[in-house]
Number of protein chains: 2
Amino acid sequence: MQIGELAKRTGCESETIRYYEREGLLPAPARSSSGYRRYEQPHLEQLAFILHCRSLGMPLADIRLLAGFHQQPAAEPCDRVNALIDQQISRVHSQIEALQKLEIQLQQLRARCESPHTLADCGILKTLDDAATGEACACHDAS
Amino acid sequence: MQIGELAKRTGCESETIRYYEREGLLPAPARSSSGYRRYEQPHLEQLAFILHCRSLGMPLADIRLLAGFHQQPAAEPCDRVNALIDQQISRVHSQIEALQKLEIQLQQLRARCESPHTLADCGILKTLDDAATGEACACHDAS
DNA sequence: GCAAACCCTGTAGCTACTATAAGGTCAAGC
DNA sequence: GCTTGACCTTATAGTAGCTACAGGGTTTGC
């Protein structure tokens, strides 16, 4: 199949497929006489594997590693696979925690200007300005 | 003060300060005879304002807008300030939701390989492979 | 008079794509 | 046989927000 067909079947844009090939995540397929890429079933599965990992937020470098484990002897221990997933879980977890703090801070800032005001007495701008001149700010104080 | 001093006082690297200047977030300061940037107190406050907004996760484009509101007539309504903060809150909120789903998916995947195995029968690799061949996967099924 | 610590500009790198530009190929219809 | 449109190709530049050089000039202290 051509690249457009592979793109349609996987929901991944042709340009992204070519990008994955450049990055060494997908093997370079055979070419037609006119230079068009010709994909087979294994390519589709490999791409689906990549896309599934991406949907779990994994970085391409980790996916490259995961894909590499297929080429290794099957008797090897799989602890490095587990470690990659654990890393990803902790990355995601700390992102969540950071964003939750952020949301609280933003809501405290937002509460400074509930009803419509003018710029002159907008509690939000005032709070941001105060923080800039070194005063305590509503958003970061209580965090 | 020189750029290094400003950097030390704000905890922002010199290169980042020059970057903000290039991006039009900080006004270009006066220069010494040898071309060194000379900053005054207002620059420090402006930079602190930017850094405070950044610490709330706001994109530079929004910070540029926020900073611009200082130059506008004080009697203008501040609803656009509020809108920017509201936007940021909803961005952060939807990121949190997406990451929470992700964490559940990752933990379901991780549960496929609790005790140490070999690559051949690693539940994680198997699950990822199955997903690539179109079968239902543990991680995305229950999401 | 020299070395260390500072400063300058300009450019390239990071992630994971996305979007062009400028061109070649192929099948259908007239 | 020729055109039209949908496909494909490569190469390059852009996105966000920095960070990290390279290759040079300046200033300060000993």
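Just so we're on the same page: letters track the sequence lines, and every chain starts at 1.
If you find the closest nucleotide of DNA chain D to A/Glu15 and to B/Arg22, the one lying nearer the 5' end belongs to A/Glu15. Across the interface with DNA chain C, nearest-nucleotide mapping of B/Tyr39 and A/Leu60 shows B/Tyr39 to be the residue nearer the 5′ end. Projected onto DNA chain C by closest heavy-atom contact, A/Tyr19 and B/Ile3 fall at different nucleotides, the more 5' of which corresponds to B/Ile3.
Between A/Arg18 and D/dT9, a side-chain N or O to OP1/OP2 separation shorter than 4.0 Å is present. Taking side-chain N and O atoms only, B/Arg37 has a distance below 4.0 Å to OP1 or OP2 of C/dT9. In terms of phosphate contacts, A/Tyr20 brings a side-chain nitrogen or oxygen within less than 4.0 Å of OP1 or OP2 of C/dC17. Checking the phosphate oxygens (OP1, OP2) of D/dT26, no side-chain nitrogen or oxygen of B/Ser32 falls inside 4.0 Å. The side chain of A/Tyr36 contributes no N or O atom lying less than 4.0 Å from OP1 or OP2 of C/dG24. Contact between the side-chain N/O atoms of B/Arg31 and the OP1/OP2 oxygens of C/dT9 is found at a separation under 4.0 Å. Contact between the side-chain N/O atoms of B/Thr16 and the OP1/OP2 oxygens of D/dT19 is found at a separation under 4.0 Å.
Rotation axes derived from the C1' atoms of the five outermost pairs at either end of the helix from C/dG1-D/dC30 to C/dC30-D/dG1 lie 30° apart, to the nearest 10°.
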From CA spacing to verdict: salt bridge (Lys or Arg N to Asp or Glu O under 4.0 Å), B/Glu97, B/Lys101: CA-CA 6 Å; B/Glu97 284 183 348; B/Lys101 275 185 199 158; over 6 Å; no

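Regarding A/Leu6, its CG atom lies at a distance of 15 Å from the P atom of D/dC7, rounded to whole Å. Atom pair B/Leu47:CG and D/dC18:P shows a separation of 11 Å (rounding to whole Å applied). The CD1-P distance, from B/Ile17 to C/dT9, rounds to 13 Å in whole Å. Distance CD (B/Glu21) to C1' (D/dG17): 17 Å, rounded to an integer number of Å. Distance, B/Met58 CE to D/dC18 C1': 18 Å, rounded to whole Å. Summarising the geometry, the separation between CD on A/Glu23 and P on C/dC14 is reported as 9 Å, rounded to the nearest angstrom. Rounding to whole angstrom units, CZ of residue A/Arg38 and C1' of D/dC7 are separated by 12 Å. As rounded to whole Å, 8 Å separates atom P of D/dT28 from atom CD of B/Gln2.
Without hydrogens or angle criteria, B/Gln88 side chain to B/Gly57 main chain gives a donor-acceptor distance under 3.5 Å. When atom types are taken as modelled, the side chain of A/Arg64 and the backbone of A/Glu23 share a donor-acceptor pair closer than 3.5 angstrom. No donor-acceptor pair closer than 3.5 Å links the side chain of A/Asp62 to the backbone N or O of A/Leu84. The closest donor-acceptor contact from the side chain of A/Gln108 to the backbone of A/Cys137 lies at 3.5 Å or more, if one exists at all.
Which of C/dC7, D/dC18, C/dA16 sits closest to the side chain of B/Arg54 comes down to D/dC18.
For the pairing with B/Ile50, the side-chain contact (heavy atoms from CB on, under 4.5 Å) check across B/Thr10, B/Ile17, B/Leu26 returns one residue only, B/Leu26.
Checking B/Thr118 against B/Asp121 by side-chain atom types alone, a donor-acceptor pair falls below 3.5 Å. Defined by atom type and a distance below 3.5 Å, a donor-acceptor pair is missing between the side-chain atoms of A/Gln107 and A/Arg110.
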